[in-house]
Amino acid sequence: MTYTTLSLTLIFVLIPLILSKTLKLGLEKDTIIATVRSIIQLLAVGYVLKFVFDAKSFSYIFLMIALMILTATLNARKKGKTIKGITWKIAITLIIIEAVTQGILLGFGIVPPTPQYIIPISGMLIGNSMVLSILFLNRFTSEIESSRDQIELILSLGGTPKQAIHRQLTNAIRASMIPTIESQKTIGLVQLPGMMSGQIIGGADPIQAVQFQLLIIFALLTTAGLSSILIGFLSYPTLFNERMQFLRKITL
Amino acid sequence: MNHPTSAISFENLSFKSDKLSILNKINGLFYKEKITTLVGPSGAGKSTLLKMCNGLLSPTSGEIFIDNQPIDLIEPTILRKKVGIVLQNAPILQGTVFENIALPLTLQQKKLTEKQAIFYLEVVGLDQSLLYREAEALSGGQKQKISIARSLVNKPEILLLDEITSALDPTSANEIEQLILRINHESSVTIIWITHNIEQAKRIGDYTWIMMKGQLLESGESHILSTSKNIDVQQFVKGIQKR
């Protein structure tokens with residue numbers, strides 16, 4: 001694709017701009033900012049990736065993954081600010097997910113150990129894990145807020161913090177995993193996944209594109225399970241003290 | 001009246017939350033096997049005091065003794081079985097009446113038999129036909145009775161009651177009053193009962209504590225509610241009775 005043809009795709013930006021202006025939706029400024037940011041960010045990433053691929057050095061791969069984890073952590077922590085040490089808990093979760101998934105993919109030789117595979121797959125898994133963490137923290141904090149009396153009731157009857165928070169924790173874990181599982185049920189029927197579509201447009205064999213997409217889908221199931229479970233089990237103890245008291249000052 | 005031994009005692013007990021003083025240097029004791037009523041306006045610190053006795057909160061300073069043993073030396077889950085609490089608004093968990101009553105034993109990985117559950121239902125005056133009904137669908141009075149039955153499953157030596165009749169109609173309130181008196185007389189359970197109803201406090205209490213703005217204004221046998229010379233106490237009692 002040439003830059004001339006790429007510039008023609010800006011028509012897709014003009015349509016919502018005109019609609020927003022006509023219907024007085026007030027979204028023109030945000031649309032323009034989003035467009036400019038996506039152009040700058042993606043072009044920058046493109047050049048960085050080109051550099052890393054050419055350099056063929058593992059230290060650059062580690063640096064790229066570290067940056068992804070850092071950005072994802074800073075983004076997700078906003079939803080769990082009231083949980084003590086949430087930044088580290090999210091970072092640890094993302095590091096474990098990256099280590100487990102890449103360990104399996106590279107350890108079993110499922111993908112070759114080259115930046116062309118490691119970086120895009122890491123990006124997809126860390127990105128998905130970030131979204132799941134946000135979903136989990138949103139649900140977990142609202143579950144706790146709406147069931148303070150029940151948590152205190154279980155403690156008052158001699159229950160442990162783990163027993164007191166069990167229902168809220170499992171509800172939040174389940175709620176954050178459902179979108180991933182549900183979207184996988186209709187995959188290929190309703191929409192073709194982005195990575196697979198990209199490969200097909202780029203001229204790859206559709207069957208090979210499907211194989212890679214399946215790899216991602218299966219890996220996403222692991223990240224879906226691990227993300228919320230790890231953050232949940234790392235977070236709940238901070239809601240209680242050593243006397244098994246629910247820390248009410250923490251306004252979750 | 002012969003003063004029995006202390007069930008719970010307090011030494012210079014204070015509690016602050018966000019720099020706000022909730023309880024300020026409370027000294028006193030609750031007598032074993034007796035009913036002590038706690039009265040006072042909202043914000044007096046009564047609920048906070050009860051939650052501390054059950055170990056749900058810890059004092060900022062001062063000491064609490066349960067059977068003359070410092071509360072901090074008692075493992076929290078053991079303390080909470082020994083000192084039961086029926087919380088305000090009777091929180092009920094999703095599930096059947098049986099599941100709610102069995103909860104204290106479920107938390108200990110033990111099982112409550114159907115026969116035992118029916119026994120507890122009968123203790124609180126509920127029909128056994130309710131056993132497998134959804135607890136959340138019951139009336140306020142029935143929920144409160146389930147809440148009391150649930151706390152009895154742990155066989156507490158001390159039972160803390162936080163305004164358990166304030167949201168109930170007079171008939172249900174009277175039934176619960178009789179139930180608590182029976183539990184106290186038959187099982188010698190020490191009762192500490194927060195109430196806004198001065199007549200109820202006089203009727204059921206052996207002893208009464210009058211609290212205001214985080215302080216213990218006066219304590220003694222329950223007739224102090226009528227005979228106190230303390231102007232603040234007199235005004236509080238009059239204010240309540242005028243309502």
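Throughout, protein chains are lettered first and strands after them, A, B, ... in sequence-line order, and every chain is numbered starting at 1. Bear in mind that the values here come from a model prediction, so they are computed numbers and not experimental data.
You'll find the side chain of Ser156(A) stays beyond 4.5 Å of the side chain of Arg80(B), heavy atoms only. The shortest distance between side-chain heavy atoms of Thr77(B) and Met244(A) falls below 4.5 Å. Side-chain contact between Leu56(B) and Gln245(A) is absent, with no heavy atoms from C-beta onward closer than 4.5 Å.
Atoms CZ and CD, on Arg243(A) and Glu75(B) in that order, are 8.0 Å from each other to the nearest 0.5 Å. Gln150(A) CD to Leu87(B) CG: the interatomic distance, rounded to the nearest 0.5 Å, is 11.5 Å. Here the OG1 atom belonging to Thr106(B) is positioned 10.0 Å from the CD1 atom belonging to Ile154(A), to the nearest 0.5 angstrom.
Ranking Leu103(B), Ile85(B), Leu93(B) against chain A, the residue ahead of the rest is Leu93(B), based on heavy-atom pairs under 4.5 Å. Interface remark: of the candidates Thr160(A), Leu153(A), Asn241(A), Leu153(A) forms the most heavy-atom pairs closer than 4.5 Å to chain B.
In terms of heavy-atom proximity, Arg150(B) sits nearest to Leu157(A) at CD-CD1, 3.9 Å.
When heavy atoms are compared at a cutoff of 4.5 Å, Ile92(B) approaches chain A solely by way of its backbone atoms N, CA, C and O. Neither the backbone nor the side chain of Leu105(B) comes within contact range of chain A; no heavy atoms are under 4.5 Å apart.
Residue Gln94(B) places its CD atom among 12 or fewer non-hydrogen atoms of other residues, nucleotides or ligands, all under 6.0 Å distant. In this structure, Tyr132(B) places its OH atom where more than 12 heavy-atom neighbours from other residues, nucleotides or ligands lie under 6.0 Å away. By the neighbour-count criterion of 12 heavy atoms within 6.0 Å, atom NZ of Lys79(A) is sparsely surrounded, having that number or fewer from other residues, nucleotides or ligands.
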